[in-house]
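Each chain gets a letter, A, B and so on, in the order its sequence line appears, and its residues count up from 1.
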Amino acid sequence: KAGVTQTPRYLIKTRGQQVTLSCSPISGHRSVSWYQQTPGQGLQFLFEYFSETQRNKGNFPGRFSGRQFSNSRSEMNVSTLELGDSALYLCASSLRGLDEQFFGPGTRLTVL
Amino acid sequence: GENVEQHPSTLSVQEGDSAVIKCTYSDSASNYFPWYKQELGKRPQLIIDIRSNVGEKKDQRIAVTLNKTAKHFSLHITETQPEDSAVYFCAAPFGSGNTGKLIFGQGTTLQVKP
């Protein structure tokens, strides 16, 4: 079974731009969660999607948004990028949510 | 609030010794507690998890214990090996229902010296 994939793997943007990251979950998994990983803050929950609906949201500003498609693939968008948005963005998929989450390799976003 | 405290932040042990990492959580409704291992430059991977209906779970050299009354759980690694060196994260779910919202501890960097 193929694992979780994320594209692109690396991104360099400048302040004020926007970015879209993509996550393809394991086949059959309906829950996709997104996390931001930074050296200082660790792994922070962004949001979770289940069956195309946002089920949970973390404490991030409205510049961070996401969506999920009918095939469970998910995208997250960050608008008006700030330097502090530089991080590794990880998505994780699971069957229903409260079970083992399988992480993707992450997208490394650098904001200049 | 939604909080998972993890200690220690760094841990250095000699090969063959045991390592213990402890976490406390704030939501008494949390009922699933995974531990993830993240090697340098790699994605986090689940190494063991425990649900609230059991107090202990073992998998070879790894064990997790849960004390729901005190709201804390611990990871125990016995007979440590250099390949155990990594960052370890505990997590707990927050929110109602079958939520995929995991709040992670700050991580413990484990170094196993040969």
What are the two closest heavy atoms between B:Tyr36 and A:Gln101, and how far apart are they? OH-O, 2.9 Å

Within a radius of less than 6.0 Å around CG of A:Asn59, do more than 12 heavy atoms belonging to other residues, nucleotides or ligands occur? no

Give a yes or no on whether B:Ile62 and B:Phe73 share a hydrophobic cluster (residues Ile, Leu, Val, Met, Phe, Trp, Tyr; joining criterion: side-chain heavy atoms under 4.5 Å apart). yes

What part of B:Leu102 gets within 4.5 angstrom of chain A, counting heavy atoms only: side chain, backbone, both, or neither? both

Would you indicate whether A:Glu100, at its atom CD, is surrounded by more than 12 heavy atoms from other residues, nucleotides or ligands within a distance under 6.0 Å? yes

Is there a side-chain contact between A:Leu88 and B:Arg43, using heavy atoms and a 4.5 Å cut-off? no

A:Gln37 vs B:Phe104, test: side chain to side chain contact (heavy atoms under 4.5 Å, CB included). Steps then yes/no. CA-CA 11 Å; A:Gln37 186 171 31; B:Phe104 283 81; over 6 Å; no

Heavy-atom pairs under 4.5 Å with chain B, option from A:Phe102, A:Tyr35, A:Phe50 with the top count: A:Tyr35

Which region of B:Pro34, side chain (C-beta onward) or backbone (N, CA, C, O), has a non-hydrogen atom less than 4.5 Å from a non-hydrogen atom of chain A, or is it both or neither? neither

Around atom CZ of B:Arg61, are there more than 12 heavy atoms of other residues, nucleotides or ligands at under 6.0 Å? yes

A quick test of your reading: do over 12 heavy atoms of other residues, nucleotides or ligands sit less than 6.0 Å from CG of A:Leu83? yes

Can you say whether A:Leu43 sits under 4.5 Å from chain B via the side chain, the backbone, both, or neither, judging by heavy atoms? both

Are B:Val20 and B:Leu11 linked, directly or through other ILVMFWY residues, by side chains that come within less than 4.5 angstrom of each other? no

Looking at CG of A:Asp99 and CG of B:Leu46, how far apart are the two atoms once the value is rounded to the nearest 0.5 Å? 10.5 Å

Test of understanding: clusters of I, L, V, M, F, W, Y form through side-chain heavy atoms closer than 4.5 Å, transitively. Do A:Tyr89 and B:Ile103 belong to the same one? no

Heavy-atom closest pair, residues A:Glu48 and B:Lys101: OE1-N, 4.2 Å

Chain B contacts, top residue of A:Gly106, A:Pro105, A:Gly58, A:Ser94 (heavy-atom pairs, under 4.5 Å): A:Pro105

Are A:Phe45 and B:Phe94 an aromatic pair, judged by ring center distance below 6.0 Å? no

Given a strict heavy-atom distance threshold of 4.5 Å, which part of B:Gln45 is in contact with chain A: side chain, backbone, both, or neither? neither

Find out if a path of hydrophobic residues (ILVMFWY) with successive side-chain heavy-atom gaps under 4.5 Å connects A:Leu81 to A:Leu112. no

